[in-house]
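Every heavy atom of this structure was used, including side-chain atoms; hydrogens, water molecules and symmetry mates were not.
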Amino acid sequence: MSKHTPEEQRQRTLHAIHSSGLGLQDVWVRYFSFTGDVDEFEVNAYLNGLITLTPLDRDLVSLAVNELIAETPPPTAPYSNDSEDPGQPDVLVALDVLDHRDDGIDLNEGGGEQDAPDNT
């Protein structure tokens, strides 16, 4: 398993920040909560290639970025009857779509089993 050079780690971390739309302040606050000991200015300087950080601090910045990305909900595809109300969870919309589909199958009658034909 190959290790990333400090420069590769910095570049990939910066790319992850830009791609996910994270803000520097959010990254720094999360980094600091992990006992990071450099200030926001230094994290910014590191991400822009002006200074280097210790391996531990680089990993804490990466951890902060990865956790923030994991907490960011991805964009979802809208349903035709989506509410503009952000309080309605998408799963409820999906269940509503399934409840109203018209595929000719009634799962509530006969337990889903059909009677065998009477051949007598």
Side-chain angles (χ1 to χ4, degrees):
M1 185 167 162
S2 66
K3 296 181 180 182
H4 295 288
T5 67
E7 180 59 14
E8 288 170 334
Q9 184 179 17
R10 181 197 70 78
Q11 288 175 356
R12 292 182 70 170
T13 302
L14 184 60
H15 177 74
I17 291 169
H18 287 188
S19 296
S20 60
L22 296 176
L24 175 64
Q25 186 174 24
D26 293 329
V27 171
W28 178 78
V29 167
R30 183 62 60 97
Y31 155 83
F32 189 73
S33 75
F34 296 140
T35 68
D37 61 358
V38 300
D39 63 26
E40 185 176 350
F41 180 79
E42 289 171 297
V43 169
N44 188 25
Y46 157 67
L47 291 170
N48 287 291
L50 302 174
I51 65 170
T52 189
L53 297 178
T54 66
L56 174 61
D57 283 313
R58 291 193 316 265
D59 287 344
L60 289 176
V61 171
S62 293
L63 177 62
V65 170
N66 290 335
E67 282 200 358
L68 289 167
I69 289 171
E71 292 171 4
T72 304
T76 58
Y79 296 99
S80 62
N81 63 348
D82 267 354
S83 169
E84 291 299 321
D85 177 14
Q88 183 179 14
D90 287 339
V91 71
L92 295 179
V93 174
L95 291 174
D96 187 49
V97 168
L98 291 174
D99 285 344
H100 290 94
R101 69 182 176 176
D102 186 18
D103 56 11
I105 299 173
D106 187 352
L107 298 177
N108 294 323
E109 289 186 4
E113 296 178 15
Q114 296 180 359
D115 292 333
D118 187 11
N119 293 333
T120 57

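- Between the Glu8 side chain and the Thr5 main chain, a donor and an acceptor come within less than 3.5 Å of each other.
- Phe34 places a side-chain heavy atom less than 4.5 Å from the side chain of Glu67.
- Taking CG from Leu60 and OG1 from Thr54, the interatomic distance works out to 7.5 Å, rounded to the nearest 0.5 Å.
- Atom CG of Leu14 sits about 6.5 Å away from atom CG of Asn48, to the nearest 0.5 Å.
- Contact of the Arg30 side chain with the Val65 side chain is not registered, since no non-hydrogen atoms from C-beta on lie closer than 4.5 Å.
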Walk me through it: do Leu22 and Thr72 pass the test side chain to side chain contact (heavy atoms under 4.5 Å, CB included)? CA-CA 9 Å; Leu22 296 176; Thr72 304; 4.3 Å; yes
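- Here NE2 of His18 is found 8.0 Å from CG of Leu47. Values are rounded to the nearest 0.5 Å.
- Put simply, Val43 and Phe41 are part of two different groups of oily side chains (I, L, V, M, F, W, Y) that touch within less than 4.5 Å, one to the next.
- Checked by atom type, the side-chain pair Tyr31/Asp57 shows a donor-acceptor distance below 3.5 Å.
- Other residues, nucleotides and ligands contribute over 12 non-hydrogen atoms within 6.0 Å of the CD atom of Gln11.
- The line from CZ of Phe32 to CD of Gln25 is 13.0 Å long, rounded to the nearest 0.5 Å.
- A salt bridge is absent between Glu7 and Arg12; no separation between the charged side-chain nitrogens and carboxylate oxygens falls under 4.0 Å.
- Between Ile51 and Glu42 the shortest heavy-atom distance is CD1-O, 3.5 Å.
- Between the side chain of Asn66 and the main chain of Ser62, a donor-acceptor pair closer than 3.5 Å is present.
- The residue from Leu63, Val29, Asp26 that alone fulfils the side-chain contact (heavy atoms from CB on, under 4.5 Å) condition with Leu68 is Asp26.
- The main-chain N or O of Asn44 is never found under 3.5 Å from a side-chain atom of Trp28 such that the two would form a donor-acceptor pair.
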